Amino acid sequence: MNSWTQHYRIACLGLATLLSVSCAAPSQKDVAAATKGMVTRQDLEIVDCLLPGQVRQLGNSTYLTQRRPINTTASDCRIRGGEYVAYDRANLKSALAVWLQAAEAGDAEAQNNVGEIYERGLGIEPNYEAAIIWYQKAADQGNARAQFNLGTLYEQGLGVPADKLKALNLYRQSWGLSEDNLMYQSAAAQEQQTLRDELQKQIAEKDSQLGLLQKQLKDQQQKLAKQPTVEHANATSTEATAARAEIEALKKWIANLESDRRASNDRLASVAQLRTPQSTTTVPQTSSLPVAQVRKALGMDFGRYYALVIGNQNYKSIDSLQTPISDAQRTAKVLADKYGFTVQILEDASDVAMLKALNDLNAALQPNDNLLIYYAGHGERLQNGKLESGYWLPVNADPPPQDTFWVPNEQITAHLARLPAKRVLVVADSCYAGLLSTDPSYLFVDNKVGYTLDYLKFKLPKRSRLLISSGGDKPVLDTGGGTNSVFARAFLDELEANQSVLAAPELFARINKRVAGVAAKNKFVQVPEFKSIKGAGHEVGDFFLVPKA
């Protein structure tokens with residue numbers, strides 16, 4: 001092992017030595033008695049639930065309404081008399097059975113859920129074309145989540161030709177922005193200029209190719225015209241045939257290029273000019289968590305602040321890490337002391353403890369609240385066909401590919417979607433942390449707009465589900481920041497140094513620069529990411545950290 005490896009262990013799964021012990025297997029009766037009344041992992045997972053219909057009275061008539069589909073925990077579904085698939089939940093047919101009837105009846109929320117089912121694949125390859133059909137149906141009814149989902153497919157070119165301008169427009173509609181909104185105008189103008197430049201470049205390249213091909217065609221036609229007369233044709237028939245074939249091929253090639261050029265010209269002409277943006281002025285369950293205090297600044301109510309901080313370090317069956325508990329403890333202290341968060345901290349948590357903590361937040365949070373989730377620990381990914389899934393690993397996790405106790409990103413996202421809090425920021429310091437979101441980027445971040453009072457007043461009422469990850473779909477450094485990881489050191493130093501209202505995009509910009517620099521010194525490439533979390537109900541909102549002072 002070289003010296004660098006001794007000091008900087010990569011925070012991802014390696015080969016672990018498994019210790020085996022022998023003991024007498026308990027009887028089924030013993031297991032049932034021991035676990036009676038305990039909360040299980042399955043109780044806390046989000047499922048597609050069909051609630052029973054409601055018995056309604058109309059005059060002297062009594063009737064039963066249709067069953068209602070919802071997303072909730074398996075435990076809640078059972079308590080409310082609902083139906084869900086207890087096993088093989090990642091199954092396209094069973095998931096569609098819950099939502100398809102309501103979708104076909106015209107329910108926009110159900111149509112969006114059907115689109116998400118087709119996009120995720122659920123045991124098969126994703127069907128983006130089918131997803132687009134259902135997203136479009138819901139988007140046409142003004143469903144914001146479907147408009148956003150449809151925009152991400154257009155941005156990435158999944159199931160449709162990539163069209164970032166259309167994606168931007170769908171995002172605008174999803175987030176309730178008017179066409180003359182400053183942020184939309186700025187982002188769209190920049191994207192339009194990029195598109196115009198690309199189209200003009202394509203047209204110039206096609207013009208150059210057409211010129212060369214037309215010259216070759218003319219040369220071949222002249223060469224064929226100089227062939228011997230008919231009486232001598234037998235001697236040169238092979239050469240003449242080849243020349244004619246090349247002429248026909250050149251004509252088809254030229255025709256195709258001319259068609260492509262016309263299409264590029266038409267698209268260039270259709271890119272509408274936007275006005276130049278003008279400058280703006282320079283804002284019945286019970287919970288065990290203590291009630292947080294409302295934070296106010298700049299004449300605005302930022303709501304209450306809660307944090308769930310998880311540090312998984314001492315693993316039972318895989319390599320332990322060096323810094324997560326230290327990272328979690330320092331994070332909890334900074335958030336509580338400087339920013340007034342009510343903090344719940346989990347150290348060396350199991351899968352049940354992690355999911356239960358996420359679920360219990362529903363009882364504490366209210367619609368204008370803020371939630372920051374910090375996770376430090378092992379992360380892993382598994383490939384399923386063309387799909388790649390990411391996981392947070394509890395301390396009871398088995399080595400790959402045994403994923404029985406791993407916490408999948410889909411479950412984390414599903415819990416985030418249920419939470420009533422207006423603004424949620426996930427800060428994940430683990431390998432493959434970027435896989436928590438498939439959203440390609442975070443848009444409408446414009447340095448020219450700045451974080452003015454108008455910006456804050458527009459962003460604050462909007463719902464947000466944002467992710468700052470220590471890396472994308474690659475391993476990250478566990479150490480390198482003293483008693484903290486490289487990423488945690490940058491994150492916490494910036495929080496401690498900050499003296500004003502701090503928006504998540506600005507926090508990320510500061511962290512990103514520091515992490516890249518330190519990682520490069522250690523001959524390691526680590527690139528943090530900032531994304532909205534797709535499927536969790538993100539709008540155009542932001543997350544703001546408000547110091548006490």
Side-chain angles (χ1 to χ4, degrees), residues 42 44-58 61-153 158-160 170 173-176 359 362 367 410-411 413-420 438 463 465 533-539:
Q42 287 73 24
L44 300 168
E45 290 185 343
I46 304 299
V47 298
D48 295 314
C49 175
L50 268 177
L51 293 179
Q54 297 175 327
V55 178
R56 295 187 179 181
Q57 188 78 26
L58 179 62
S61 301
T62 302
Y63 67 96
L64 183 67
T65 65
Q66 289 187 342
R67 295 192 296 175
R68 297 161 292 147
I70 64 166
N71 287 120
T72 187
T73 61
S75 175
D76 183 56
C77 186
R78 290 197 302 272
I79 290 169
R80 299 169 70 178
E83 172 189 338
Y84 66 94
V85 178
Y87 297 98
D88 192 21
R89 291 184 189 136
N91 177 278
L92 182 72
K93 185 177 179 181
S94 61
L96 285 176
V98 175
W99 298 103
L100 198 54
Q101 184 177 0
E104 290 174 340
D107 184 280
E109 190 67 29
Q111 289 170 343
N112 174 73
N113 286 342
V114 170
E116 290 183 350
I117 289 167
Y118 277 117
E119 183 183 352
R120 294 200 307 269
L122 292 184
I124 62 172
E125 291 294 324
N127 187 339
Y128 298 117
E129 290 77 9
I132 286 166
I133 291 172
W134 286 104
Y135 284 152
Q136 189 66 64
K137 288 177 183 290
D140 289 343
Q141 297 191 63
N143 184 277
R145 187 163 170 176
Q147 290 166 340
F148 178 83
N149 287 337
L150 190 58
T152 63
L153 295 185
L158 298 175
V160 288
L170 284 162
Q173 295 174 51
S174 168
W175 296 333
N359 187 59
N362 283 280
E410 289 80 2
Q411 280 296 318
T413 300
H415 276 284
L416 296 182
R418 291 183 69 228
L419 294 174
T438 58
R463 184 176 167 94
R465 296 292 187 268
I533 302 176
K534 187 172 180 181
H538 177 73
E539 296 175 4

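If you read the sequence from its start, that first residue is 1, and numbering goes on from there. Quantities reported herein were computed from a predicted structural model and do not represent experimental measurements.
Rounding to the nearest 0.5 angstrom, the gap separating the CG atom in Asn112 from the CD atom in Gln147 is 10.0 Å. Rounding to the nearest 0.5 Å places CG of Asn127 at 8.0 Å from CD1 of Ile133. Taken from CD1 in Ile46 to NE2 in His415, the straight-line distance is 4.0 Å, to the nearest 0.5 Å. A distance of 8.0 Å separates CG of Leu158 from CD1 of Ile132, quoted to the nearest 0.5 Å. In this structure, CG on Asn71 lies 4.5 Å from CH2 on Trp99, to the nearest 0.5 angstrom. One distance of note links CG of Asp107 with CG of Leu100; it measures 12.0 Å at 0.5 Å rounding.
Summarising the geometry of Asn143 relative to Glu109, their closest heavy-atom pair is ND2-OE1, 3.3 Å, with the distance given to 0.1 Å. Annotation for Arg463 and Ala417: closest pair NH2-O, 3.1 Å, computed over non-hydrogen atoms. Between Ala103 and Ala110 the shortest heavy-atom distance is N-CB, 3.5 Å. Of all non-hydrogen atoms in Leu150 and Ala139, the two that sit nearest each other are CD2-CB, 4.4 Å.
A heavy-atom distance below 4.5 Å is found between the side chains of Arg80 and Ile70. At a threshold of 4.5 Å between non-hydrogen side-chain atoms, the residues Asn359 and Arg418 count as touching. With contacts defined as side-chain heavy-atom distances shorter than 4.5 Å, the pair Leu44/Gln411 does not qualify. Counting heavy atoms from C-beta outward, Tyr118 and Leu96 have side chains that approach closer than 4.5 Å. By the 4.5 Å heavy-atom criterion applied to side chains, Val47 and Thr73 are not counted as neighbours. At a threshold of 4.5 Å between non-hydrogen side-chain atoms, the residues Cys49 and Val98 do not count as touching.
For CD of Gln101, the number of neighbouring non-hydrogen atoms (other residues, nucleotides, ligands) closer than 6.0 Å is 12 at most. Within 6.0 Å of atom CD in Gln66, 12 or fewer heavy atoms from other residues, nucleotides or ligands are found, so the atom counts as exposed in its surroundings.
Only one option out of Glu119, Gln111, Glu116 pairs with Tyr135 in a side-chain hydrogen bond (donor to acceptor under 3.5 Å, both in side chains); it is Glu119.
In this structure a side-chain-to-backbone donor-acceptor pair under 3.5 Å is missing from His538 to Phe148. Between the side chain of Thr413 and the main chain of Glu410, no donor-acceptor pair closer than 3.5 Å is present.
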